[in-house]
Chemist: 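I have a structure I would like to understand better, so I am pasting it below and will then ask my questions one at a time.
All heavy atoms count here, side chains included; hydrogens, waters and symmetry mates do not. Residue numbers count from 1 along this sequence. Both counts, for ligands and for their atoms, begin at 1 and track the order of listing.
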Amino acid sequence: MATATPATPDQDLTALLRAANLRVTSQRLIIHRVMRDLDRHVTAEEVAKRAARRLPGLSLPTVYSTLELLEGLGLLRRVPLATGAVLWDPRLTEHHHAACRECGRLIDLDVPVDTAPGLRAARARGFEPDGAEMVVLGRCAECSRSAKTA
Ligand SMILES: [Zn+2]
Ligand SMILES: [Zn+2]
């Protein structure tokens, strides 16, 4: 018996773009596919490098705006780091992060965190929050090791 094949990432994105009245472009499809393939936290520069194999002449500003568009469609999360850099996270299931202040490493923390009090407090100050996440800041295992041996 034929079973329904799950929608491919391309089909998912195409449907979301159409629903939002946005154009389906090869740039959007390829950048989205690169994020799904990498399946880890990446910088826009890494995405640009990968995607440029399929899209010669792709500019970094285009990559930035496409990542922002995908974020707006709920297909990516943006994680600002203590180092000032931004990483893009293709993992959509709820999780939190620990970020190293020195090297910028970002790891996933799969723990339930009660963000409701924070959301309530923000609403009380007139915010319209669309989410909250915890970022544990500090030094990663490797950086603390090298700090001790230095
Ligand atoms: Zn580190
Ligand atoms: Zn993550």
Chemist: Is it true that Arg123 and Glu128 have a side-chain N and a carboxylate O under 4.0 angstrom from each other?
Modeler: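 No.
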Chemist: Identify the residue among Met35, Arg28, Glu71 that makes a side-chain contact (heavy atoms from CB on, under 4.5 Å) with Thr66.
Modeler: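 Single side-chain contact (heavy atoms from CB on, under 4.5 Å) partner of Thr66 among Met35, Arg28, Glu71: Arg28.
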Chemist: Please calculate the NE2(His95)-the Zn ion (ligand 2)-OD1(Asp108) angle and round it to 10 degrees.
Modeler: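 Once rounded, the angle between the two atoms at the Zn ion (ligand 2) is 90°.
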Chemist: Counting heavy atoms not belonging to Asp130, are there more than 12 under 6.0 Å from its CG?
Modeler: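 Count not over threshold, so no.
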Chemist: Here's a test for you: under side-chain contact (heavy atoms from CB on, under 4.5 Å), which of Val34, Val47, Asp89 qualifies with Val42?
Modeler: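 Passing option: Val47.
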Chemist: Going by atom types only, do Arg36 and His32 share a side-chain donor-acceptor pair under 3.5 Å?
Modeler: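 Yes - a donor-acceptor pair under 3.5 Å links their side chains.
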Chemist: Which atom name would you report as the N, O or S atom of Asp89 nearest the Zn ion (ligand 2)?
Modeler: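 That would be atom OD2.
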Chemist: Run the salt-bridge test on Asp108 and Arg40 with the 4.0 Å N-O cut-off and return the result as yes or no.
Modeler: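 Arg40 and Asp108: not salt-bridged.
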Chemist: Please give me the protein atoms (N, O or S only) lying under 2.8 Å from the Zn ion (ligand 1), ordered by chain and number.
Modeler: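 Listed by chain and number, the nearby protein N, O or S atoms are Cys100 SG, Cys103 SG, Cys140 SG, Cys143 SG.
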Chemist: Have a look at His97 and say which of its N, O or S atoms is nearest the Zn ion (ligand 2).
Modeler: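 The His97 atom nearest to the Zn ion (ligand 2), restricting to N, O or S, is NE2.
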Chemist: Would you say the side chain of Arg101 lies within less than 4.5 Å of the side chain of Leu81, judging by non-hydrogen atoms?
Modeler: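 Side chain of Leu81 against side chain of Arg101, heavy atoms only: no contact under 4.5 Å found.
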